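All remarks here apply to the structure that follows.
Fair warning: this is a prediction, and the values are worked out from it, not measured in the lab. All chains are named by letter (A, B, ...) in the order of the sequence lines, taking the proteins before the strands, and each is independently numbered beginning at 1.
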Amino acid sequence: MTETRFDPSAADGRWQRAWDEAACFAADSRSARPKSYVLEMFPYPSGRIHIGHVRNYTMGDVLARYKKMRGFEVLHPMGWDAFGMPAENAAMEKGVHPGGWTRDNIASMKAQLKRLGFALDWTREFATCDPEYYGHEQALFIDLFEAGLVYRKQAQVNWDPVDMTVLANEQVIDGRGWRSGAQVEKRQLDQWFVKLTDFADDLLEGLETLDKWPEKVRLMQENWIGKSQGLEFSFTLSNGDTLPVYTTRPDTIFGSTFVAVAPDHPVAQGVAAQNCDAAKFIEQCKRGGTTAAELETAEKLGFDTGIGARHPFTGEQLPVFIANFVLMDYGTGAIMAVPGHDQRDFEFASKYGLLIPRVVAANAEEADKPFDGEAEPGDGVIVNSDFLTGMAVDEAKAEVIARAEADGWGKGTTVWRLRDWGVSRQRYWGTPIPFIHCETCGVLPVPKDQLPVELPEDVDFSVPGNPLLRHPTWKHTNCPSCGAEAVRETDTLDTFVNSSWYFLRFASQPQDKPFDRDELAKWLPVEQYIGGIEHAILHLLYARFWTRALTQMGQIDFAEPFASLFTQGMVTHETYSQRSADGLQDVFYMPDEVNRASDGATLKSDGSPVTIGRVIKMSKSKKNVVDPDAIIARYGADAVRWFMLSDSPPERDLPWSEAGIEGCWRFVQRLWRLFAHYDASAKGEDKALARKTHQTIAAVAEDIEALGFNKAVARLYELTNAVEKAQPSSTRNEAVRAIVQMVAPMMPHLAEEGWQQLGGEGLLAEAAWPEVDPALLVDDEVTIAVQHMGKLRDTLTAPKGAAKEDLEALALASEKVQRSIDGADIRKVIVVPDRLVNIVT
RNA sequence: GCGGGUGUGGCGGAAUGGUAGACGCCGGGGACUUAAAAUCCCCUGUCCCUUGGACGUGUGGGUUCGAGUCCCACCACCCGCACCA
């Protein structure tokens, strides 16, 4: 017979059409089957998918297809996080409309995703820029407003002068806009805020229930919420003012030797107004670096204001400093400094020659032990502290708070790092905030029957700033209350609002409301959510908030949207560069501009040697990117999918390599030949292969459910190797059928071809996972390791479940073991049934 | 600086306290071929002269009959960060 090859360029499209025609992946809310909601973070339609998307969606797809094979009704939707700045940037740069640009991008990315054969329910597809979607979002925003969870305030905001927009605190990185990189300015503007802090405790406590989230992500959220408990009290200053401070260590109050305020604290500003040295010092503080690492290594600096602060217990006058290490926006912007038990205070006191008394010690005997060059922030017993002496730290904290409250000069306080979520954006391409400003009636929500408030199509991007503000007619309307002329809100919502509830709309999309409560109850929570670690805090926290808010308003019945979260690693690639002619910089080359051999690389154009750099995240600037389309065109969807699953554990980075994808391609063809040579008439049994097959089925299922795709892949290689070595038999045929079924979630096109070849009925996409025979999961013979003093000396074969005495006798009979023992006295023999025998002499 | 993570062949990585290196890639040898591609077979941690043995999971200790795995101390790299009082 002529040797044929699997031709993905023909097969991929054929099966994709077959799945479409059979509507295999449309989720049915009325199905009686158990449900499974598998979701990958929806993409921003930048125009091209990148290899990271391919990895993300392949993982979700394997899970979705597998769950379907296991009898679940699977919801696996896809849509587009379609609002945001790149569309406006494109509008400005290329003179295209953001909407048109976005729609074009969606069309091309959708085609790319289709070519990968993902089992997606495209009937539920939507883009967040669809007026239908953002209209419902406007209704929800109004609901939140009416529930008291949305408010306006004059606030100092981070103004990005390049993007002409306001940024959330979380979106300012090192004083620069997280997207534009421009130096952020401070401005006062009327802003819309969502009361994230109302749910601070709830969001924190909820983390404990998320036992299927990565520990790392829970910790990041916990730190972000930043709950701390302590004492807030006021010092009476020598100039007659009072200075509120916050401390988490009221137990160390007797160890406080100075007070420090932030450079932008009113007290500091007051001093600076009269003292130009103080003003200069404050200016100097502002020039310092702002990153954590810079601040950590920066020298602690202070300015003595000459003001005294009266210690609430001792009555002593403590000097008040302006200090560069105190932050205005945390607590009260002022601290009682305890140099003995806080490292920053210690460094500061050491520099300025202030006293460093000990008030906490390991035990009472060490009450006057000198410090060893650093503060001791730890636990212990209170010393040198009047009525607190002898108490444990926690006891002393409670005692000081109790006394402060009884005497009325302070109170126990919980301080949160978490702030409310500023959602206003002075930008066109977003959800219009559905409010109307009336001179007499104030700020009113747009009546719901007038939603959606749609974006105007005719907008001008030739100048920066918000086109909605400049539009000649759009903002002019009438007050819904008094009917007088009024103006629309021209701010739009942060795109994180769009992604805070899209997973609900996927599950239920009635026309007249955002979602149907009963239908949501069927699908939610998302059983498996998969995405990048970069969304560990913001998106996931906002989405958690949003579902809680909806629960509080009685619209849904669950608090946590994502039962299980998985954060996948990045796809990386080595870099190729040459030194530029002037020797000053590196010139990078794309992987397809380079010939990569095992011992080096050369440039295709002129054969000159190329430096192979480290394996790092794919980025345009380093040109170490591969184009999914080119790879799919060359190797087909299945080889690419297989590569995405092979070798590297999914939570780790995956190094892309040409050799690796070649290996996947060879395996695709190996399987194809296995299927092509299938002989249905083969007879006979092969007990060992039957065991191997059933053990593999059980193990692969376990691996997929734990998202251990690399291990599932390895097991499938093993079984394939065993099958290829086996003689024809009905057992072998059973193994081949099992392979077809097992690779179906991973390489669905090839698997369909194989299924057809083997005479399977209907589409494999609709078929079941192979059954496991539990009797075949255990071997009847086992290999026993024989050790002498813990070192392997021999192995022997014994029946499964053999008696300890028999194993011991067998082990001692081994010539190799006897040689090793060499006549020494046997003190002990350890026998682990079915595993090993260890002889101790 | 703090928090988290990771260290296993040339590379990606497997190993409920029980035969370290499964599986894949790279590499070497061979078969087939006029030749190549494709495919198939064998070898492939290091060292020693072999049968065979010694060493070997970042480093140093410890627990154990037995440690990649558990404990203590350290080192390196990666990621995150907010000097959080």
(message) With a 3.5 Å distance limit and no angle check, can you tell me whether A/E781 reaches the backbone of A/K800 through a side-chain donor-acceptor pair?
(response) no
(request) Could you please name the partner base of B/C2, counting Watson-Crick and G-U wobble pairs only when both distances are under 3.5 Å? (result) B/G80
(message) Can you confirm whether more than 12 heavy atoms, excluding those of A/E662, are under 6.0 Å from its CD atom?
(response) yes
(message) So, using side chain to side chain donor-acceptor pair (under 3.5 Å) as the criterion, who are the partners of A/E574 when residues are at least two apart?
(response) A/Y576, A/R596
(message) Suppose you measure atom P in B/G10 against the same atom in B/G45; what distance do you get, rounded to whole Å?
(response) 10 Å
(request) Output yes when a side-chain donor or acceptor of A/Y352 lies under 3.5 Å from a complementary backbone atom of A/G302, and no otherwise. (result) yes
(request) Rounded to the nearest 0.5 Å, what's the gap from CZ on A/F321 to NZ on A/K300? Could you check? (result) 15.0 Å
(request) Please measure how far the C1' atom in B/U57 lies from the corresponding atom in B/G7, and state the result in whole Å. (result) 9 Å
(request) May I ask you to check whether A/W642 and A/Y717 place their ring centres under 6.0 Å from each other? (result) yes
(message) Test your reading of the model: is there a side-chain donor-acceptor pair from A/Q343 to the backbone of A/A375, 3.5 Å cut-off?
(response) yes
(message) Is the distance from the ring center of A/Y635 to that of A/F643 below 6.0 Å?
(response) no
(request) Determine if the base of B/G9 is syn or anti; take syn to mean the glycosidic torsion is within 90° of 0. (result) syn
(request) Calculate the interatomic distance between A/M336 atom CE and B/C84 atom C1'; express it in whole Å. (result) 15 Å
(request) In whole angstrom, give me the gap between the C1' atoms of B/G9 and B/G80. (result) 32 Å
(request) For B/C65 and B/C2, measure between their C1' atoms and round to the nearest Å. (result) 42 Å
(request) Round to the nearest Å and state the distance from A/E534 atom CD to B/C81 atom P. (result) 12 Å
(request) Would you mind reading off the distance between A/N838 atom CG and B/A67 atom P, rounded to a whole angstrom? (result) 10 Å
(request) When you get a sec, tell me which of B/U39, B/G24, B/C84 is the closest nucleotide to the side chain of A/R673? (result) B/U39
(message) By nearest atom, which of the nucleotides B/C84, B/C26, B/C65 is closest to the A/R666 side chain?
(response) B/C26
(request) For the side chain of A/A714, starting at C-beta, report the closest nucleotide among B/C23, B/A38, B/C84. (result) B/C23
(message) Going by purine N1 to pyrimidine N3 plus the second Watson-Crick contact, or the G-U wobble pair, all under 3.5 Å, which nucleotide sits opposite B/G52?
(response) B/C48
(message) Please name the nucleotide paired to B/C40 by Watson-Crick or G-U wobble geometry with both distances under 3.5 Å, or report none.
(response) B/G30
(message) As a test of reading the structure: which of B/U19, B/A22, B/A54 is closest to the side chain of A/R793, going by heavy atoms?
(response) B/A54
(request) Take the protein atom CG of A/L716 and the nucleotide atom P of B/A22, then report the distance between them rounded to whole Å. (result) 18 Å
(message) Going by purine N1 to pyrimidine N3 plus the second Watson-Crick contact, or the G-U wobble pair, all under 3.5 Å, which nucleotide sits opposite B/C74?
(response) B/G58
(request) Report which part of the nucleic acid A/L219 touches: base, sugar-phosphate, or nothing (heavy-atom distance under 4.0 Å, all strands). (result) sugar-phosphate
(request) Select base, sugar-phosphate, or nothing to describe what A/R249 touches, counting heavy atoms under 4.0 Å on all strands. (result) sugar-phosphate
(message) Measuring from the side chain of A/T783 (C-beta onward, heavy atoms only), which nucleotide among B/G18, B/U19, B/G53 has the closest atom?
(response) B/U19
(request) By nearest nucleotide on RNA chain B, pick out whichever of A/V326 and A/G226 is the more 5' one. (result) A/G226
(request) Would you indicate, yes or no, if B/A38 has its OP1 or OP2 atom less than 4.0 angstrom from a side-chain nitrogen or oxygen of A/R670? (result) no
(message) I'd like the C1' distance from B/G53 over to B/U69, given in whole Å.
(response) 27 Å
(message) Give me the distance, rounded to whole Å, that separates B/A14 from B/C49 when you measure between the P atoms they each carry.
(response) 36 Å
(message) Just the rounded figure in Å: distance from P of B/G66 to CD1 of A/I784.
(response) 20 Å
(request) Looking only at side-chain atoms of A/K216, point me to the closest of B/G4, B/C65, B/U39. (result) B/G4
(message) Distance check, P atoms only: B/U16 and B/G29, in whole angstrom units.
(response) 37 Å
Protein-nucleic acid N or O pairs under 3.5 Å, nucleotides 10-16 of chain B:
| from | atom 1 | to | atom 2 | distance (Å) |
| --- | --- | --- | --- | --- |
| B/G12 | O2' | A/S648 | OG | 2.8 |
| B/G12 | N2 | A/D647 | OD1 | 3.0 |
| B/A14 | OP1 | A/N710 | ND2 | 3.4 |
| B/A15 | OP1 | A/K711 | NZ | 2.9 |
| B/U16 | O4 | A/R835 | NE | 3.4 |

(request) Find the partner of B/C23: check Watson-Crick (N1-N3 plus N6-O4 or O6-N4) and G-U wobble (N1-O2, O6-N3) distances, both under 3.5 Å, and reply none if neither fits. (result) B/G12
(request) Identify whether the distance between the nearest side-chain nitrogen and carboxylate oxygen of A/D201 and A/K227 falls below 4.0 Å. (result) yes
(request) Provide the distance between the two P atoms, one in B/C43 and one in B/C78, to the nearest whole Å. (result) 39 Å
(request) Consider the side chain of A/L792, meaning its heavy atoms from C-beta on, and name the nucleotide among B/U19, B/C23, B/A38 that approaches it most closely. (result) B/U19
(request) Under 4.0 Å between any heavy atoms, over every strand shown, what does A/F325 touch: base, sugar-phosphate, or nothing? Just pick one. (result) base
(request) Output yes when at least one side-chain N/O atom of A/K791 is less than 4.0 Å from OP1 or OP2 of B/C55, else no. (result) yes
(request) May I have the distance from A/E215 (atom CD) to B/G80 (atom P), rounded to whole angstrom? (result) 19 Å
(message) Need to verify one output field. Residue with the more 5' nearest nucleotide on RNA chain B, A/Y330 or A/M220?
(response) A/M220
(message) Taking A/L777's backbone N and O only, do any of them form a donor-acceptor pair with A/Q695's side chain (distance below 3.5 Å, no angle check)?
(response) yes
(message) Using a 4.0 Å heavy-atom cut-off, does A/E718 contact any base of the nucleic acid, only the sugar-phosphate backbone, or nothing at all?
(response) sugar-phosphate
(request) Starting at atom CE of A/M789, determine the distance to atom P of B/G18, rounded to an integer number of angstrom. (result) 19 Å
(request) Using whole Å, report how far CG of A/L541 lies from C1' of B/C81. (result) 16 Å
